[in-house]
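Report on the following structure.
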Amino acid sequence: MFIVVYGVWKTRGNKNVNDYVLGGNKSKWWTIGLSVMATQASAITFLSTPGQAFHDGMGFVQFYFGLPLAMIIICIVFIPLYHKLKVYTAYEFLERRFDLKTRTLAAILFLIQRGLAAGITIFAPSIILSAVLGWDLKTLNIIIGSLVIIYTVSGGTNAVSVTQKQQMFVIMTGMFIAFFFILGFLPADITFTKALKIAGASDKLNILDFSLNTQSRYTFWSGITGGMFLALAYFGTDQSQVQRYLSGKSIRESQLGLIFNGILKIPMQFFILLVGVMVFVFYQYNPSPLNFNPAATIAVMESSYAGDYKLLEESHRNLEIEKKMAQNQFSEALNLKDENATTEAKNEMLLIIEKEKNNREAAKNLIRKSDDIVETNDKDYVFIHFILNYLPKGLVGLLLAVILSAAMSSTASELNALGTITALDLYKRNRKDEFSQEHYVKVSKLFTLGWGIIAIIIACVANLFDNLIQLVNIIGSIFYGNVLGIFLLAFFFRFVKGNAVFIAAIITQLAVILVWYLDWMSYLWLNAFGCVLVIMLAMVLESFDRLHKTPPIKTF
């Protein structure tokens, strides 16, 4: 509530489009850097990432390896050009380079994918609060969405930027406190170093994967290629990010802000994943539910499969006793520095973990049979289960504030960008009448409000996918590669004209959706695939067009 009131008070009195959309170009580099990080770090990051590490280990960090490379390219190519042309939106540049229809197509692609993502970023914290307060999900979606709408509509870009500094402070403070509490809850003889060895023995610290398997979701190569293309598209062409650094006082301030983000983002994600790994170690010594989603447990226990589920729970409890004994043996072997005993204890641990995994899978099958609507995938509930059941009550409140702050910061940026794009790229550009600056500020506010309502509706009908953080990245990967390719054609392929780009972009978008639907490659590779395909198609179409227009050679 304080952040909402502060955002409204601090940014009252926007009278023109420049103040509302670009915050009057007053932002310093640290404000830009924190705003860029806060926009990307949604509640999904702090919900899903620890759960991702709990189940699959640290490999997800490879997804961000291409980000620093992308930041350098954007600082050298994108930022100087945007500032030189004095554009309000990234897509305004496309009209100057190509034509109106290409600008409109890119803007529509942005609106589709970012509109969906905005709904998911509201839905994520609603899950948590529903588990804590027992409130209805739809009611919570409306409350969270409305809070964000109030200050975003009121203050525009400046309101988003000034509130995100406070939100990032709350977020990182909460995560560090949670981390140290987890370490404090481990048995007295389990130091941080030993906890890392336990995690490593359980295959949770496999950070680097250099395999060339395109079906593998997270590898070093997919990170520095697919991850780089995704980061290039996200930070270079997504208005929710472009608007953050276009508000900078100068080119240098914008560049420093992005470099700040590029340097800190990987350590931040690494730390959040490490929190998840420590939660995994904690649950090696403490009881955990068979499924972390409480709604799933209630559904199966109220069905005819309750007896079967109870048998699985009993087996799970027995395995937890065996697991704790195996962990103690492994710890003793480490103390004695006995290599054979360590290997034997590690193999025993892995065997029990595999049995536990099979038990959890069997439980998911029973839940599906009992209720095909309830979510069986519990990755997004792992961290919140730890918070609610093991942290002191005051800290539960702090962690909930972390998740709400993250939700508000990312959703505010998205709604701000959606309203700006709709008002300037579609409404203003496609109207023949000229209106005053105050009119366009009012229209931007109305469109921001409209997108806020749409995001709440999407949140109300959303279902959990494989994992919320993956769902957001999948949605982005389907659209981002194509949009990035359009921008790269605009920057580097001067001979390609608007018609060829427009046709190539439509074909590419359909092709990418088909490839994703048929599951021919990991979603991260879709970014590179879409980008390369639209460039190749546009060049071929432009060449054919020129060949067709070339007059025939006269012969005598």
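Quantities reported herein were computed from a predicted structural model and do not represent experimental measurements.
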Heavy-atom closest pair, residues M278 and I182: O-CG2, 3.5 Å
Least distance between heavy atoms, L426 atom then A107 atom: CD2-CB, 4.4 Å
Set of residues satisfying side-chain hydrogen bond (donor to acceptor under 3.5 Å, both in side chains) with respect to E313, sequence neighbours excluded: none
Separation between CG of N291 and CD1 of I298, rounded to the nearest 0.5 Å: 11.5 Å
Min side-chain heavy-atom separation L418-F447 under 4.5 Å: no
Note, D56 side chain near F60 side chain (heavy atom, < 4.5 Å): no
From OH (Y480) to SG (C531), nearest 0.5 Å: 14.0 Å
L264 side, atom CG; L67 side, atom CG - distance, nearest 0.5 Å: 11.0 Å
Quiz item: cation-pi between K324 and Y285, 6.0 Å / 45°: no
Residues in side-chain contact (heavy atoms from CB on, under 4.5 Å) contact with L510, at least two apart in sequence or another chain: I506
Any K265 side-chain heavy atom under 4.5 Å of M71 side chain: no
Set of ring-ring contact (aromatic ring centres under 6.0 Å, His included) partners for Y309, sequence neighbours left out: none
Minimal non-hydrogen separation, F260 against G33, with atom names: CD2-CA, 3.5 Å
E302 side chain reached by S370 side chain, heavy atoms, under 4.5 Å: no
Shortest non-hydrogen separation from S315 to N359 and the atoms involved: OG-ND2, 3.1 Å
Salt bridge (charged side-chain N to carboxylate O under 4.0 Å, His left out) partners of K364, counting only residues at least two apart: none
Which residues share a side-chain contact (heavy atoms from CB on, under 4.5 Å) with A362, sequence neighbours left out: L312
Side-chain donor or acceptor of T508 paired with backbone N/O of A505 under 3.5 Å: no
Polar side-chain atom of H55 near backbone of V382 as donor-acceptor pair, under 3.5 Å: no
Side-chain touch I457/C460, heavy atoms, less than 4.5 angstrom: no
Under the side-chain hydrogen bond (donor to acceptor under 3.5 Å, both in side chains) test, residues paired with D425 that sit two or more places apart: T89, R103
Under 3.5 Å: donor-acceptor pair, side chain of T139, backbone of W135: no
Distance (rounded to the nearest 0.5 Å) between F383 CZ and M175 CE: 4.0 Å
Working for side-chain contact (heavy atoms from CB on, under 4.5 Å), residues D238 and Q113: CA-CA 10 Å; D238 188 309; Q113 63 90 9; 3.4 Å; yes
side-chain hydrogen bond (donor to acceptor under 3.5 Å, both in side chains) against S477, all qualifying residues, sequence neighbours excluded: N527
Close side-chain approach of F181 to L391, heavy-atom, < 4.5 Å: yes
Closest contact, heavy atoms only, T448 versus N416: CG2-N, 4.4 Å
Steps toward side-chain contact (heavy atoms from CB on, under 4.5 Å) verdict (L388, Y381): CA-CA 10 Å; L388 293 178; Y381 293 88; over 6 Å; no
Contact check, side chains of I475 and I112, non-hydrogen atoms, under 4.5 Å: no
Verdict with reasoning, F235 to N261, per side-chain contact (heavy atoms from CB on, under 4.5 Å): CA-CA 11 Å; F235 291 99; N261 174 63; 3.6 Å; yes
Sub-4.5 Å side-chain heavy-atom contact between E320 and H316: yes
Under 3.5 Å: donor-acceptor pair, side chain of Q52, backbone of G57: no
Residue pair K357, E361: steps toward the salt bridge (Lys or Arg N to Asp or Glu O under 4.0 Å) verdict: CA-CA 6 Å; K357 198 174 176 181; E361 208 52 52; over 6 Å; no
I149 and I456: CA distance, side-chain angles, deciding distance, side-chain contact (heavy atoms from CB on, under 4.5 Å) verdict: CA-CA 10 Å; I149 286 168; I456 291 170; 4.0 Å; yes
Side chain Q284, main chain K323, donor-acceptor under 3.5 Å: no
For F292, all residues meeting ring-ring contact (aromatic ring centres under 6.0 Å, His included), sequence neighbours excluded: F54, Y283, H385
Pairing residues for F176 by the ring-ring contact (aromatic ring centres under 6.0 Å, His included) criterion, not counting sequence neighbours: F271
Interatomic spacing from CH2 in W516 to CD1 in I513 - rounded to 0.5 Å: 8.5 Å
Any residue meeting side-chain contact (heavy atoms from CB on, under 4.5 Å) with D203, in chain and number order, not counting sequence neighbours: N206, L350
N/O donor-acceptor pair under 3.5 Å between Q509 side chain and I478 backbone: yes
Sidechain-backbone polar pair: S202 side chain, K204 backbone, donor-acceptor under 3.5 Å: no
Heavy-atom closest pair, residues F123 and A459: CD1-O, 3.3 Å
Counterpart residues, side-chain contact (heavy atoms from CB on, under 4.5 Å), relative to K355 (two or more places apart): L319, L351
Any donor-acceptor N/O pair, Y64 side chain to A231 backbone, under 3.5 Å: no
Those residues that, when tested against F282, pass ring-ring contact (aromatic ring centres under 6.0 Å, His included) (two or more places apart): F386, Y390
Whether R360 side chain and L290 backbone form a donor-acceptor pair below 3.5 Å: yes
Spacing of CG belonging to L415 relative to OG1 belonging to T420, to within rounding of 0.5 Å: 10.5 Å
